[in-house]
Protein chains: 2
Amino acid sequence: MNEKEFLAGYNKNEYLSPLLTVDAVLFTYHENTLKVLLVERANFPEKGKWGLPGGFVDEQNDKTIEETILRKLKEKTGVIPPYVEQLCTVGNKQRDPRGWSVTVCYTALIAYQDCEAHIETVESVKWVSIDDIATLPLAFDHLQLYQQARERLQQKSLYSIVPGFALPDVFTLSELQHVHEVLIGKTLQNKSFRRRLEQADLLIDTGEKRHERGRPANLYRLKPQSAEYRFIRNLEF
Amino acid sequence: MNEKEFLAGYNKNEYLSPLLTVDAVLFTYHENTLKVLLVERANFPEKGKWGLPGGFVDEQNDKTIEETILRKLKEKTGVIPPYVEQLCTVGNKQRDPRGWSVTVCYTALIAYQDCEAHIETVESVKWVSIDDIATLPLAFDHLQLYQQARERLQQKSLYSIVPGFALPDVFTLSELQHVHEVLIGKTLQNKSFRRRLEQADLLIDTGEKRHERGRPANLYRLKPQSAEYRFIRNLEF
DNA sequence: AAAATAGTGTCTCTGAGACATTATGAT
DNA sequence: ATCATAATGTCTCAGAGACACTATTTT
């Protein structure tokens, strides 16, 4: 038998495989706090509980698992978030009462304003402040997935400006710094934060200013490559 | 209908799911070079080609996907590697001719000596120097998985001593430094390397010395927590 | 003594932390 | 003028890079 003959006689659906889902922890920054998008489960199991946006791969229409999660996020928010990164994959016997199941979990970031309108139209989708998440009874192991995402994003805030993708297109340095401060859980040295940004040349100065109590703040935009940039020296934790 | 009733009538194997496999890029350090473990495929598809060790989840006996990969690595090497970390999950339509498939890929490290005897007994398993891997026709997308693992391990060598898990239990500082040098692709400042190790207090001085051409070298052991430690300042790339 | 490898001393320089100071607007 | 917030000046200090130097073994 050669490979062609083997494949002709092979039907993968005759073999049993764990359940496979794709989920995302989508963060945004709004009202001086970080928030995570939760979705009310419409079906069993865990019907009625809140959980992370996600779902099953559509073998017909999704070419990759990345496409699956982008599709799911677009269903819930109306747009595709500007930052999406694989977090981890959890697979075990007990996480889903239906049986052996695996989820590929992503971390994503989006500006609140970019999906505000769409989310207001939907009953079963809401932003929850990270201070309140642990108090909700989340479906499956979604609380643990959130915690992992949070930890990873916290780490990233020490050596990158990835958290900036939770802000709108145009933002002030104080806003960016505050996102980092919320993640790290302590105030940062203003000067240090600005110095490293300046030196790394990651921002575009729009030339515009935002007037709003006190000295007007310069408005910046992220350069495209800023998602990949890593500072050689971390901020203190 | 309540959740109990739903579950009673639910059989997950009635739903089709992508093929799910678990693979690992297992590195070791031997003969002054890093090597990766490859396995000759005994079955279709890609029969006869070399690929990463891995396989399917055993829903009866594996409680987690981590257990799956540990089981597979033990089958091939005779032991469970001291360092195993999830790398990424790749899932798409075309990577496997059998259809939509997903692999959860791990990076692992082991001492050459710890599995030398076992590997010599097996025909279809071999270590391949990272300098030669690209010249072999690897199965599926395993070359890309290797490359991702390599890049991640290179990054880690800049801010951790994780690469040390590719060495035997007891090793010299020069050996540890050389593993890092191979990964980073340039020689490191002896002094810098030792200074940061000393300061981080990650090693146990065994008190023993290895005699072998020139001044005898002190022998060290990794402290258990050294896998998690991150230097606040990276080495230059 | 020479070769080989292990390990140290010490200088420079970058950049984070600390914190005081100045700048620019609204009221 | 005062308040609020944005932005800068400047000192200290840790630690990486560079590289010369010393130490301990074998041949």
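These numbers come from the heavy atoms of this one structure, side chains and all, not from hydrogens, waters or symmetry mates. Note on naming: letters A, B, ... go to the chains in the order of the sequence lines (proteins, then strands), and numbering restarts at 1 for each one.
The shortest side-chain heavy-atom distance between A:Leu38 and A:Leu138 falls under the 4.5 Å cut-off.
Nearest heavy-atom pair across B:Asn92 and B:Arg95 is OD1-N, 2.8 Å. Contact between A:Ser157 and A:Ile184 at its shortest, heavy atoms only, is OG-CG1, 3.2 Å.
Every residue meeting the ring-ring contact (aromatic ring centres under 6.0 Å, His included) condition with A:His30, not counting sequence neighbours, appears here in chain and number order: A:Tyr112. For B:Glu181, the side chain to side chain donor-acceptor pair (under 3.5 Å) partners two or more places apart in sequence, or in a different chain, are B:Gln177. Listed by chain and residue number, A:Asp62 satisfy the side chain to side chain donor-acceptor pair (under 3.5 Å) test with A:Thr68 (two or more places apart in sequence, or in another chain). Shown here are the side chain to side chain donor-acceptor pair (under 3.5 Å) partners of B:Lys49, two or more places apart in sequence or in another chain: B:Glu46.
When each of A:Arg195, A:Gln189, A:Arg196 is paired with A:Ser192, the side-chain hydrogen bond (donor to acceptor under 3.5 Å, both in side chains) condition holds for A:Arg195 and for no other. For the pairing with B:Leu109, the side chain to side chain contact (heavy atoms under 4.5 Å, CB included) check across B:Val162, B:Val25, B:Thr28, B:Val84 returns one residue only, B:Val162.
In this structure, the ring of B:Tyr29 has its center no less than 6.0 angstrom from the ring center of B:Phe27.
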(message) Once pairs are restricted to Watson-Crick or G-U wobble with both distances under 3.5 Å, how does DNA chain C read as a dot-bracket string, [ ] for crossings and | for other-strand pairs?
(response) |||||||||||||||||||||||||||
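Counting only N and O atoms by type, the side chains of B:Thr206 and B:Arg221 include no donor and acceptor under 3.5 Å apart.
On the nucleic acid side, DNA chain C has its first and last nucleotide under 4.0 Å of a heavy atom of chain B at C:dA4 to C:dT14, going 5' to 3'. A 4.0 Å heavy-atom criterion places the boundary nucleotides of DNA chain D facing chain B at D:dA14 to D:dT25, written 5' to 3'.
Looking only at distances, a side-chain donor or acceptor of A:His142 sits under 3.5 Å from a matching main-chain atom of A:Leu52.
Within residues 191-200 of chain B, the residues that have a heavy atom under 4.0 Å from DNA chain C are, in order of number, B:Lys191, B:Arg194, B:Arg195. Using a 4.0 Å cutoff on non-hydrogen atoms, the parts of residues 203-212 of chain B near DNA chain D are B:His211, ordered by number. Within residues 215-223 of chain A, the residues approached by DNA chain D to less than 4.0 Å at the level of any non-hydrogen atom are A:Arg215, A:Pro216, A:Ala217, A:Asn218, in residue-number order. Near DNA chain D, meaning a heavy atom under 4.0 Å from it, residues 225-237 of chain A has A:Arg233 in order of number. Within residues 159-183 of chain B, no residue places a heavy atom under 4.0 Å from DNA chain D.
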